[in-house]
Amino acid sequence: MPLRIYDTFTRSKQEFRPIRGNHVGMYVCGITVYDLCHIGHARSAIVFDTIYRYLQAKSYDVTFVKNFTDIDDKIINRANREGLTAGQVAERYIEEYYRDMDRLGLRKPTHEPRATLHIGGIIDLVQELIRKGHAYEVSGDVYYAVRSFQGYGKLSGKDIEELEAGARVEPGEAKRDPLDFALWKKSKPGEPSWESPWGRGRPGWHIECSAMSTHFLGESFDLHGGGMDLIFPHHENEIAQSEGATGKRFVSYWLHNGFVQTNKEKMSKSLGNFFTIREILERFEPQALRLFALMHHYRNPVDFSEQSLREAEKALYRGYASLRLLRGLPATGKPLLLPERLEALSDRIDELNNGFFEAMDDDFNTAGALSCLFDLMRLINTHFKDATAGPETGVVKGIDAFVRKAADILGVFDSDPSAFLSSRREKRLAGLGLTKGAVEEMLERRALLRKERAFKDADAIRAELLRQGISIMDTPGGTVWDIADE
RNA sequence: GGCGGCAUAGCCAAGUGGUAAGGCAGCGGUCUGCAAAACCGUUAUCUCCGGUUCAAAUCCGGAUGCCGCCUCCA
């Protein structure tokens with residue numbers, strides 16, 4: 001099955017063909033490390049992590065590069081405000097980034113370069129652009145001459161004349177054209193700076209990504225991703241820089257994820273309407289956040305709310321309950337199902353398996369893929385709910401193999417189900433101010449009362465437990481309990 | 001103003017030509033001492049108006065509403 005990817009450049013789905021055989025080069029613009037990450041960063045990270053995982057699952061040899069922008073005005077401002085160096089600020093928020101992202105189960109990219117460690121490459125690239133007539137120096141600053149690059153605006157669909165009309169020039173800038181953007185900035189006193197042919201200074205925002213992507217992936221590579229807001233000017237400028245310098249096609253496929261919104265408004269630092277990943281993970285499972293992201297198509301905007309996250313969390317628990325059932329089936333024993341039912345089940349599982357991969361192949365349609373997985377969960381419940389002996393058959397193994405593969409790609413449902421559910425129970429139990437012992441003691445009393453058929457008193461205990469936030473289920477194997485959903 | 005995107009059930013959300021996945025919630029049922037969980041059943045003239053087509057949520061034109069980019073932003 002061919003993988004089809006929506007490419008921002010052509011604004012259409014294209015069949016994916018890597019430049020170098022089985023190898024895939026993938027670059028994603030990471031964060032500027034000056035503050036904690038919010039849900040929007042989480043979504044982007046989860047989306048590209050899943051794409052990375054899927055490409056690996058399709059047996060591509062993927063080199064995944066995700067950078068840190070660790071030199072920038074915002075970092076410098078924060079450093080000044082807090083009496084720290086820019087390096088210290090960057091270092092701190094890189095650590096915070098990992099603290100959040102590790103919890104979201106992000107697979108480590110192949111390389112996570114920092115701009116400040118690639119100054120040499122950046123300077124080389126700027127020099128090359130000057131040599132080619134795409135850039136010019138004005139007293140220590142170097143600017144990219146946008147009009148020197150044929151096709152500027154081709155990614156974002158912008159017309160250069162219209163951009164010109166709205167372009168602004170900051171005071172003190174000596175651009176020849178308002179559209180031109182800085183490749184190298186002369187440092188002001190007290191700012192971090194590096195030696196360069198144009199005096200001490202630091203790189204502009206866009207040049208680092210051109211330098212680092214080329215360093216790790218070559219002059220042309222397969223996939224380049226980031227948030228929608230990076231299309232212009234960031235990615236437009238990257239194209240101008242890289243193609244201006246090499247004369248070669250920079251990137252084959254441009255991928256952009258949609259925003260997280262709250263109340264239909266973009267979640268962003270400047271609007272102040274954001275939740276940090278950290279505060280959300282205090283109250284919800286990391287995998288619930290992941291599932292929430294993957295239940296929407298990555299290009300669509302997503303309205304974030306407590307309710308939608310809670311719904312995702314419920315779906316997560318329900319799925320894990322099915323998996324606990326599946327993994328708890330004895331490996332040997334009398335087959336449960338009649339042969340013809342088994343065969344029908346087996347066919348249905350193949351269908352779902354194919355559906356999962358067809359959805360993923362269609363521009364990483366994780367929502368469609370998840371629907372197959374949820375269907376599978378229901379099949380597990382239907383067929384194995386009351387199993388007391390397991391069929392030693394390929395069907396259970398087949399289901400399990402499918403689940404493991406899907407979980408490996410999506411990064412949800414990849415924990416041990418029993419451990420996952422019981423740790424959730426412990427956590428929430430503590431939140432209710434209860435202990436396991438106390439709950440179980442009440443259940444024992446109730447069991448005795450039920451034996452004596454004193455249902456009224458038994459039900460009173462059940463009601464009391466529910467009042468305290470515990471729901472119980474009487475099963476053939478005994479009474480089990482869990483934290484009630486609020 | 002320029003460019004782009006979105007509008008699918010109570011809510012969330014897949015689906016780009018052949019009469020609508022999935023999640024959450026609701027209702028009816030099975031099971032249960034009663035519940036719960038699980039399962040089964042049930043819940044959509046796909047924003048509106050035109051057009052193309054044997055056939056449209058899906059393509060084209062228009063309207064309305066919402067959002068994004070054009071300035072730092074995932």
Side-chain angles (χ1 to χ4, degrees), chain A residues 8 11-13 28-32 34-35 37-48 72-74 77 153 156-159 161-163 165-168 170 205 225-234 236 256-261 264-271 274 291-292 295-297 299-303 305 307-316 318-319 321-322 325 352 355 359 362 365-375 377-386 450 453-456 458-459 462-463 466 471-476 479-482 484-485:
Chain A
T8 305
R11 301 193 190 274
S12 61
K13 284 182 196 169
V28 171
C29 292
I31 56 159
T32 301
Y34 75 103
D35 205 350
C37 289
H38 60 63
I39 302 297
H41 299 110
R43 182 188 192 193
S44 184
I46 290 164
V47 161
F48 288 109
D72 165 89
D73 286 344
K74 288 193 289 287
N77 290 343
S156 54
K158 302 216 177 285
D159 182 279
E161 301 307 329
E162 263 144 21
L163 285 171
R168 268 191 271 167
E170 297 294 322
W205 174 36
M228 292 273 187
D229 48 1
L230 297 182
I231 295 172
F232 188 89
H234 186 58
E236 198 70 69
H256 293 98
N257 67 277
F259 296 123
V260 175
Q261 318 186 136
K264 305 266 179 202
E265 219 177 29
K266 178 182 172 185
M267 183 181 286
S268 75
K269 284 280 163 64
S270 37
L271 290 170
F274 60 91
L291 189 59
F292 168 73
M295 282 167 87
H296 302 74
H297 188 90
R299 280 190 283 116
N300 290 348
V302 171
D303 212 56
S305 68
Q307 194 202 333
S308 50
L309 201 47
R310 201 173 303 126
E311 284 175 7
E313 198 169 56
K314 279 187 186 172
L316 183 73
R318 206 169 146 268
S322 299
L325 177 63
L352 291 174
D362 183 14
N365 182 358
T366 52
L370 275 166
S371 78
C372 295
L373 203 52
F374 284 119
D375 273 340
M377 304 292 190
R378 185 174 320 111
L379 281 186
I380 293 169
N381 292 336
T382 305
H383 289 88
F384 304 116
K385 179 66 179 173
D386 300 314
R450 287 183 74 216
R453 304 193 67 78
F455 292 122
K456 222 172 186 170
D459 289 352
R462 180 170 64 198
L466 188 61
S471 70
I472 64 176
M473 288 161 264
D474 297 319
T475 72
T479 299
V480 298
W481 60 277
D482 207 335
D485 290 316

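Keep in mind it's a predicted model, so treat the numbers as computed, not measured. Every chain is numbered from 1 and lettered A, B, ... according to where its sequence line falls, protein lines coming before strand lines.
Within the 3.5 Å criterion, the main-chain N or O of A:E162 finds a donor-acceptor partner in the side chain of A:D159. Under the 3.5 Å distance criterion, the side-chain polar atoms of A:S371 are matched with a main-chain donor or acceptor of A:G368.
Nearest-nucleotide positions on RNA chain B for A:G368 and A:H38 put A:G368 closer to the 5' end.
For B:G15, the OP1/OP2 oxygens have a side-chain nitrogen or oxygen of A:N365 closer than 4.0 Å. At B:C69, one or more side-chain N or O atoms of A:K266 fall inside 4.0 Å of OP1 or OP2 (strictly under the cut-off). The phosphate of B:A38 (OP1 or OP2) has a side-chain N or O of A:R318 nearer than 4.0 angstrom. An OP1 or OP2 oxygen of B:C73 is reached within less than 4.0 angstrom by a side-chain nitrogen or oxygen of A:W205. Remark: A:R378 is in phosphate contact with B:G23, judged by side-chain N or O atoms under 4.0 Å from OP1 or OP2. Phosphate contact (OP1/OP2 of B:C39, side-chain N/O of A:N381, threshold under 4.0 Å): present.
Electrostatic pairing of A:D375 and A:R378 counts as a salt bridge here, judged by a charged N lying under 4.0 Å from a carboxylate O.
The side chain of A:E311 sits closest to B:G23 out of B:G33, B:G23, B:A37. For A:R450, the listed nucleotide lying nearest its side chain is B:C34; candidates were B:C40, B:C72, B:C34. The side chain of A:A315 approaches B:G23 more closely than any other nucleotide in the set B:G23, B:G22, B:C69. Checking B:C24, B:C69, B:G15 against the side-chain heavy atoms of A:K158 singles out B:C69 as nearest. Of the candidates B:G33, B:G23, B:C73, the closest approach to any side-chain atom of A:D229 belongs to B:C73. Each of B:C24, B:C39, B:A21 was ranked by its minimum atom distance to the side chain of A:A367; first place goes to B:A21. Distances were taken from every side-chain heavy atom of A:K264 (C-beta onward) to each of B:C66, B:A25, B:A74; the shortest belongs to B:C66.
Atom P of nucleotide B:C24 and atom CD of A:Q307 are separated by 13 Å, given to the nearest angstrom. In this structure, the CG atom of A:D482 is 14 Å from the C1' atom of B:A38, given to the nearest Å. If you take CG of A:L379 and P of B:A38, they are 15 Å apart, rounded to a whole angstrom. A:F232 places its CZ atom 17 Å from the P atom of B:G2, with the value rounded to the nearest Å. Put simply, CG on A:L230 is 13 Å from C1' on B:G68, counting in whole angstrom units. Atom-to-atom, CD of A:Q261 to C1' of B:C12 comes out at 14 Å; the value is rounded to the nearest Å. Rounded to an integer number of Å, the gap from CD1 of A:I31 to C1' of B:C72 is 15 Å. Atom P of nucleotide B:C39 and atom CG of A:D375 are separated by 11 Å, given to the nearest angstrom.
A distance of 4.5 Å separates OG1 of A:T8 from NE2 of A:H256, quoted to the nearest 0.5 Å.
With contacts defined as side-chain heavy-atom distances shorter than 4.5 Å, the pair A:D362/A:K13 qualifies. A:F259 places none of its side-chain heavy atoms less than 4.5 Å from the side chain of A:M267.
For A:R462 against B:C34, a side-chain N or O and a base N or O form a donor-acceptor pair under 3.5 Å. Side-chain N/O atoms of A:D474 and base N/O atoms of B:C34 include a donor-acceptor pair closer than 3.5 Å. You won't find any donor-acceptor pair under 3.5 Å spanning the side chain of A:K74 and the base of B:C73, going by distance alone. Not a single donor-acceptor pair, N or O on each side, falls under 3.5 Å between the base of B:G4 and the side chain of A:R11.
For A:V302, the side chain to side chain contact (heavy atoms under 4.5 Å, CB included) criterion is met by A:R43, A:F292, A:H296, not counting sequence neighbours.
Within the nucleic acid shown, A:H256 has no heavy atom closer than 4.0 Å to any nucleic acid atom. Using a 4.0 Å heavy-atom cutoff across all strands shown, A:V260 reaches at least one base atom of the nucleic acid. No engagement by A:G153 is indicated, since no non-hydrogen atom pair under 4.0 Å with the nucleic acid exists. When heavy atoms are screened at a 4.0 angstrom cut-off, A:T475 is found touching no nucleic acid atom at all. Backbone-only contact: A:G226 has heavy atoms under 4.0 Å from sugar-phosphate atoms and none from a base. Across all strands, A:D362 comes closer than 4.0 Å only to sugar-phosphate atoms, never to a base (heavy-atom distances). As judged by a 4.0 angstrom heavy-atom cut-off over every strand, A:S308 is placed among residues making no nucleic acid contact. Contact annotation for A:M473: base contact, defined as any heavy-atom pair under 4.0 Å involving a base atom.
In plain terms, the two heavy atoms of A:G355 and A:C372 that are nearest each other are C-SG, 3.5 Å. The two atoms that bring A:L163 and A:F232 nearest to each other are CD2-CZ, 3.6 Å, heavy atoms only. Listed here is the closest heavy atom pair of A:F455 and A:R450: CE2-O, 4.1 Å. Counting all heavy atoms, side chain and backbone alike, A:V260 lies closest to A:G40 at CG2-CA, 3.8 Å.
Judged by ring centres under 5.5 Å apart and planes tilted less than 30 degrees, A:F374 fails to stack against the six-membered base ring of B:G22.
Atom name P, nucleotides B:A21 and B:G15: the rounded distance is 14 Å, in whole Å. Rounded to whole Å, the C1' atom of B:U45 lies 12 Å from the corresponding atom of B:A57. Using P as the reference atom, B:A44 and B:C6 are 26 Å apart when rounded to the nearest Å. Rounded to whole Å, the P atom of B:G28 lies 12 Å from the corresponding atom of B:A35. Annotation: B:C31 and B:G41 have their C1' atoms spaced 15 Å apart (nearest Å). For the C1' atoms, the distance from B:U53 to B:U58 is 13 Å, rounded to whole Å. Taking the P atom of each, B:U32 and B:C24 are spaced 25 Å apart, rounded to whole Å. Rounded to whole Å, the C1' atom of B:G4 lies 39 Å from the corresponding atom of B:G26.
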Encoded 5' to 3' (Watson-Crick or G-U under 3.5 Å; [ ] crossing; | other strand), RNA chain B becomes ((((((((.[[[..)......]]].(((((.......)))))....(((((.......))))))))))))....
